[in-house]
Number of protein chains: 2
Amino acid sequence: MKFSAPEEYGLRCLLQIARQGPGGSLTIPQVSQAEGISQHHAAKLLRILRTGGFLKSARGQAGGYTLARPAREIVVADVLDVLGGRLFNPDFCARHAGPDAACAQTTDCSIRSLWLALQTAVDGVLNRTTLQDLLQNGREMQSPSQQLVQPAHLRPVS
Amino acid sequence: MKFSAPEEYGLRCLLQIARQGPGGSLTIPQVSQAEGISQHHAAKLLRILRTGGFLKSARGQAGGYTLARPAREIVVADVLDVLGGRLFNPDFCARHAGPDAACAQTTDCSIRSLWLALQTAVDGVLNRTTLQDLLQNGREMQSPSQQLVQPAHLRPVS
DNA sequence: GCGAATCTGTACTTTTCTGTCAAGATTACG
DNA sequence: CGTAATCTTGACAGAAAAGTACAGATTCGC
């Protein structure tokens with residue numbers, strides 16, 4: 001159970017822009033430098049975030065990326081969904097609402113139920129966290145660790 | 001945020017053996033067939049589980065794999081740890097116990113804190129779930145979905 | 001002892017993911 | 001109008017993960 005690299009870096013890039021305050025914007029080179037990744041890489045991540053509806057882009061000489069909505073209205077669960085996909089699709093039991101007879105004994109369902117319970121637990125955190133919360137962090141969140149989360153070839157985080 | 005393939009299939013293989021009841025055992029071919037994966041693949045997963053201390057193996061003509069401990073003493077969090085590694089290491093803030101001055105403003109820490117909150121939420125579920133719970137499922141776990149969790153080339157789960 | 005059935009361990013191939021690249025489109029400014 | 005700065009898009013290459021294959025070691029039963 002791991003975070004994907006786009007989830008880690010995409011969310012960081014989005015936060016960089018959010019830190020510019022309402023209406024603030026950053027260009028690809030600026031985000032690239034701030035996060036220590038290549039411009040091409042930053043461009044790819046920002047594009048995904050734009051397609052997902054979290055960023056607006058402006059082309060041309062005075063272009064750049066801006067938050068599409070206020071930071072407090074951007075829910076982290078939605079962002080991670082776009083960057084990496086969900087753990088498990090929440091449209092469960094849409095038609096198994098009746099007596100769950102046939103599937104209660106299979107090994108499959110045992111595992112599925114577990115995955116689902118995890119999804120619920122994770123969503124409980126992510127659905128209640130906005131970009132704004134991350135910006136003014138330190139409230140319900142604890143102190144950090146210095147351990148690396150993702151692949152070894154990525155830059156070491158300060 | 002995804003489960004790795006070993007996590008999904010390794011846990012299933014372990015459950016297959018657990019379903020044999022106390023003292024029950026299965027061979028590699030049996031597990032392989034029950035889960036619809038190749039014998040080589042099953043062997044690899046079972047070896048990991050044995051190394052992790054969840055299975056005992058017996059070689060020779062009457063060999064096979066048996067649970068190393070009763071199902072109720074095997075915690076799923078430990079199993080997934082061996083199969084796929086943790087989301088985030090829990091030895092956080094071992095030395096940042098004091099005033100967290102320098103790191104409270106960085107973007108890194110915002111993200112880290114979020115990852116950590118997720119780890120805590122996930123552990124809350126996994127540390128309280130044993131193999132026994134999965135065998136007699138349907139208690140705190142809900143009905144299943146029919147969506148696939150992992151890579152497309154894996155066998156479609158019934 | 002010999003052979004069959006079983007697990008053990010390492011190396012290899014395929015697939016998937018991740019990050020890179022190059023060419024194009026758009027806008028602002030002089 | 002032209003130049004420079006910016007975003008856009010699809011294709012590509014390297015790296016990591018996943019699954020496969022093979023040769024070996026152990027045990028049981030005859």
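The structure presented is a predicted model; accordingly, all values stated were derived computationally and were not measured. Chain naming here is simple, since letters A, B, ... match the order of the sequence lines and numbering starts at 1 in each.
- In this structure, R59(B) atom CZ and dA25(D) atom P are separated by 10 Å, rounded to whole Å.
- Residues satisfying the side chain to side chain contact (heavy atoms under 4.5 Å, CB included) criterion with Q20(B), sequence neighbours excluded, are L26(B).
- Going from atom NE2 of H40(A) over to atom P of dC7(D) covers 13 Å, rounded to whole Å.
- Atom pair K2(B):NZ and dT16(C):P shows a separation of 14 Å (rounding to whole Å applied).
- The CD1 atom of I28(B) sits 14 Å away from the C1' atom of dA21(D) (whole-angstrom rounding).
- Contact between the side-chain N/O atoms of Y65(A) and the OP1/OP2 oxygens of dT8(D) is found at a separation under 4.0 Å.
- Distances shorter than 4.0 Å separate none of the side-chain N or O atoms of S38(B) from OP1 or OP2 on dG19(D).
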Using a cutoff of under 3.5 Å, can you pull out all pairs of nitrogen or oxygen atoms linking the protein to nucleotides 2-4 of chain C, with atom names and distances?
none

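- When the P atom of dA11(D) is taken as reference, atom NZ of K44(A) falls 12 Å away, rounded to whole Å.
- Residue R47(A) places no side-chain N or O under 4.0 Å from the OP1 or OP2 atom of dC7(D).
- Nearest to the side-chain atoms of P29(B) among the listed nucleotides dC28(D), dC7(C), dT8(C) stands dC7(C).
- A distance-only check finds a donor-acceptor pair linking the side chain of E7(B) to the backbone of S4(B) [under 3.5 Å].
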Can you give each donor-acceptor pair under 3.5 Å made by side-chain atoms of residues 42-71 of chain B, sequence neighbours left out, with the distance rounded to 0.1 Å?
| residue | atom | partner | partner atom | Å |
| --- | --- | --- | --- | --- |
| T51(B) | OG1 | R47(B) | O | 2.9 |
| R69(B) | NH1 | E73(B) | O | 3.3 |

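- Side-chain atoms of Q136(B) and Q132(B), non-hydrogen and from C-beta on, do get closer than 4.5 Å to each other.
- A heavy atom closer than 4.0 Å to some atom of DNA chain D occurs in R50(A), S57(A), A58(A), these being the qualifying members of residues 50-58 of chain A.
- Taking 4.5 Å as the limit, some side-chain heavy atom of F3(B) sits within range of a side-chain heavy atom of L118(A).
- In this structure, the NE2 atom of H41(B) is 13 Å from the C1' atom of dT15(C), given to the nearest Å.
- Judged purely by atom type and a 3.5 angstrom limit, K2(B) has no side-chain atom pairing as donor or acceptor with the backbone of G85(A).
- By the criterion of side-chain heavy atoms lying less than 4.5 angstrom apart, applied directly or through intervening Ile, Leu, Val, Met, Phe, Trp or Tyr residues, V75(B) is not grouped with L15(B); the two fall into different hydrophobic clusters.
- A salt bridge does not link D133(B) to R128(B): none of the charged side-chain nitrogens sits closer than 4.0 Å to a carboxylate oxygen.
- Across the protein-nucleic acid pair, Y9(B) atom OH and dA17(D) atom C1' stand 15 Å apart, rounded to whole Å.
- With E35(A) contributing its side chain and S32(A) its backbone, the two residues share no donor-acceptor pair below 3.5 Å.
- Distance, L46(B) CG to dG19(D) P: 14 Å, rounded to whole Å.
- If A62(B) and A62(A) are placed on DNA chain C by their nearest nucleotide, the residue sitting closer to the 5' end is A62(B).
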